[in-house]
Amino acid sequence: MPGLYVHIPFCLKKCHYCDFVITTKNSPQTRHSFLQAIGKEAAQAAARYGRILFDTLYFGGGTPSLLAEQEIGRLSKLLRETFDFAPGAEITCEINPGDATPEKLEAYKTLGINRISLGVQSFNDRLLEDMGRAHNAAAATTTLRLLQKHGFSNISADLILRIPNQTTGDILFSLDRLVEAGVSQVVLYDLDIHEKTVYGLRRRQNRLSLPDETAHKEMFAGAENVLEKAGYLHYELMTFAKPGFESRHNLIYWTNGNYLGIGPGAFSYMNGVRYQFAPNMRRWLEKCSGDSWEPDDAEEISEKNKQIETLLTGLRLSRGVSLSSLPVLRPRLEKLFPDLIPQGFIELADNRVRLSRQGRFIAESIIGQMVGACLNP
C-alpha cells in the first residue's frame with residue numbers, strides 16, 4: 001500500500017543548516033489559509049486517483065507540532081474524509097523538543113497518531129545553539145519523558161553528525177541519552193551545507209570548522225557500536241531501530257513504492273510518475289487558491305530508471321535489493337561483482353546484493369560505481 005506525506009511548513013525560526021520548504025510566518029490566518037489549501041489539494045488528489053487506501057501517514061515539516069490541537073484535528077479530519085487508512089496504519093508526527101504539552105499529546109492519541117519523530121539533533125547545548133535550534137538538551141529530555149508518560153512507545157529520534165566543532169564524545173553522549181530513554185529508533189543525519197543557509201554563508205567566509213573525514217568515520221563507527229550493543233538493528237544506512245519498530249513509511253521510499261505528498265514542496269511518486277506540485281509556500285498557495293492543478297515539475301520514470309532508483313534505495317537497506325527486481329540492470333551489475341565482492345564491499349546471498357559492513361563506510365562511492373555501470377551505454 002502507498003504512504004501519505006503531509007508537509008507542514010511552519011517554524012518558529014530557521015535553523016542554520018535548514019534548506020527545507022519552511023516559513024516563519026506563523027499567524028493564525030496563515031495557518032487557516034494553509035489548512036484550506038491542504039483540503040483543496042487532497043480533494044484534487046482524490047479526484048485524480050480515487051479514494052486511496054494508505055498504510056502510513058507522515059506529518060512532516062517544518063514543525064508540525066506548532067499546530068494547535070484543534071488545527072491538527074481539523075487536518076486529520078479532512079484527510080480521513082478524503083482518503084482511507086488501513087487498520088493499524090502507522091501515523092507519524094514530527095515534533096520539536098519543548099513543543100509537547102499533555103493536552104497536545106492526548107489530542108494526538110485521540111487522532112490516531114501512534115508514532116513520534118523527535119528532532120533532538122544533539123544533547124550538547126553549545127552545539128544546539130550553534131545550529132540555531134529553538135530548544136536545549138533539557139527540553140529534549142523532558143519531552144521524551146512526557147511522551148512516554150502519555151503512552152507513546154514508538155519514538156524515533158534524530159541526531160546530526162559533523163556539526164561544526166562536534167566531537168565523537170558529543171555523539172556518544174547523545175546516543176547514551178537516547179538509549180537510556182528507550183527510544184525505538186535512532187536516525188543519524190550527516191550535516192549537509194547548503195548555500196542559502198547560515199552555514200553556507202559561514203563556509204563562503206571561511207568561518208566554518210567541520211570535523212574531518214577521519215573524525216566522521218569515528219563518529220559513525222562509535223554510533224554503530226553503541227546502538228548495536230544496545231539491541232538496535234542497523235536496518236538502513238543511517239537508521240537503527242529496535243526489532244519491529246522499523247519505519248514503515250520510510251521503507252516505502254527505500255523500496256521505491258508509491259507515495260502521495262501534499263503541501264508546499266512535497267513530492268509524490270504515483271503510477272510511475274514523480275512530481276512536485278509546487279516548490280515553495282507562495283507558489284503552492286497561489287496554485288491552490290487558483291485551482292491550478294498541473295504539477296510544476298513532473299517526470300515519467302522509465303523501467304530502466306525505475307530499476308536504477310530501486311538499486312539506489314535498496315542498497316541503503318541492510319537486507320539489500322533482490323536481483324530479480326532488476327532484470328534490465330542485472331547483466332551489467334554481475335560484471336562488477338568479481339571485483340567488488342573480493343574487496344569486501346558488497347555481499348551476494350539468496351539472490352540479493354547488499355553493502356557489507358565495510359562497504360557502508362564508502363557507500364556513496366560503491367553505489368555510484370554500480371549506478372554508473374548501469375547508466376553507461
Side-chain angles (χ1 to χ4, degrees), residues 7-24 60-63 94 96-97 117-137 140 156-175 178 186-224 236-240 250 253-254 264-267 276 279-281 297 312-313 315-316 360-369 371-372:
H7 188 77
I8 300 170
F10 304 112
C11 286
L12 288 175
K13 58 188 294 191
K14 188 169 185 177
C15 299
H16 294 168
Y17 55 83
C18 178
D19 193 45
F20 299 133
V21 177
I22 66 113
T23 178
T24 56
T63 313
E94 291 183 353
N96 272 352
S117 177
L118 185 64
V120 175
Q121 316 311 356
S122 176
F123 278 90
N124 183 313
D125 284 341
R126 172 180 54 82
L127 297 179
L128 290 169
E129 182 178 0
D130 188 77
M131 286 187 283
R133 295 291 292 172
H135 74 274
N136 58 21
S156 177
D158 298 342
L159 292 179
I160 298 180
L161 302 183
R162 297 193 77 189
I163 303 166
N165 302 306
Q166 185 183 45
T167 67
T168 300
D170 292 324
I171 287 291
L172 298 183
F173 177 79
S174 294
L175 287 166
L178 293 178
V186 177
V187 184
L188 304 178
Y189 290 93
D190 283 331
L191 179 68
D192 280 331
I193 307 299
H194 300 278
E195 287 302 306
K196 295 180 180 180
T197 64
V198 171
Y199 279 167
L201 175 61
R202 288 186 191 173
R203 182 171 63 182
R204 294 193 298 274
Q205 296 174 339
N206 295 316
R207 296 192 299 115
L208 196 67
S209 175
L210 298 177
D212 61 22
E213 286 301 322
T214 299
H216 182 215
K217 188 173 182 178
E218 288 176 356
M219 289 176 186
F220 187 80
E224 188 175 46
E236 189 272 338
L237 203 57
M238 302 292 284
T239 311
F240 302 76
N250 284 344
Y253 299 147
W254 294 326
F267 280 88
Q276 184 184 50
N280 56 56
M281 182 74 164
D297 184 31
L312 273 168
T313 54
L315 284 174
R316 296 187 63 90
R360 289 175 185 167
F361 288 107
I362 54 170
E364 186 175 342
S365 174
I366 300 301
I367 294 174
Q369 185 177 346
V371 171

Measuring only between side-chain heavy atoms, which start at C-beta, is [X] closer than 4.5 Å to [Y]?
X	Y	value
H194	F20	no
M131	Y17	yes
L161	P211	no
N124	S174	no
D19	D192	no
M219	L188	no

Please report the shortest heavy-atom distance between [X] and [Y], naming the atom on each side.
X	Y	result
A266	Q276	O-CG, 3.5 Å
L172	A223	CD2-N, 4.2 Å
P97	G119	CD-O, 3.4 Å
M281	V21	N-CG1, 4.2 Å
I163	Q121	CD1-O, 4.2 Å
N96	L118	C-CD1, 4.1 Å

CA sep, side-chain torsions, deciding dist, call: F240, L178, side chain to side chain contact (heavy atoms under 4.5 Å, CB included):
CA-CA 12 Å; F240 302 76; L178 293 178; over 6 Å; no

So L127 and D170, side chain to side chain contact (heavy atoms under 4.5 Å, CB included) or not? Walk me through it.
CA-CA 9 Å; L127 297 179; D170 292 324; 3.7 Å; yes

Are the side chain of [X] and the backbone N or O of [Y] linked by a donor-acceptor pair below 3.5 Å?
X	Y	result
H7	F267	no
T239	E236	no
S122	L128	no
D125	A137	yes
E94	G61	yes

Say you draw a straight line from [atom1] of [X] to [atom2] of [Y]; how long is it, rounded to the nearest 0.5 Å?
X	Y	atom1	atom2	result
T313	L237	OG1	CG	12.0 Å
I22	I8	CD1	CD1	14.0 Å
I366	R360	CD1	CZ	13.5 Å
F173	T167	CZ	OG1	11.0 Å
R126	N165	CZ	CG	6.0 Å

Give the intermediate values and the outcome of side chain to side chain contact (heavy atoms under 4.5 Å, CB included) for residues D190 and H216.
CA-CA 9 Å; D190 283 331; H216 182 215; 2.7 Å; yes

Salt bridge check, R162 against E213: does any charged N sit closer than 4.0 Å to a carboxylate O?
yes

Which residues satisfy the side-chain hydrogen bond (donor to acceptor under 3.5 Å, both in side chains) test with R204, sequence neighbours excluded?
E195

Would you please test I193 and Y199 for side chain to side chain contact (heavy atoms under 4.5 Å, CB included) and show each step?
CA-CA 6 Å; I193 307 299; Y199 279 167; 4.0 Å; yes

Determine all donor-acceptor pairs shorter than 3.5 Å in which one atom belongs to a side chain in residues 9-16; sequence neighbours excluded.
| from | atom 1 | to | atom 2 | distance (Å) |
| --- | --- | --- | --- | --- |
| K13 | NZ | G132 | O | 3.3 |
| H16 | ND1 | D130 | O | 2.7 |

Partner residues of F361 under the ring pair (Phe, Tyr, Trp, His ring centres under 6.0 Å) criterion, sequence neighbours left out
F220

Flag if over 12 foreign heavy atoms under 6.0 Å of OH, Y253
yes

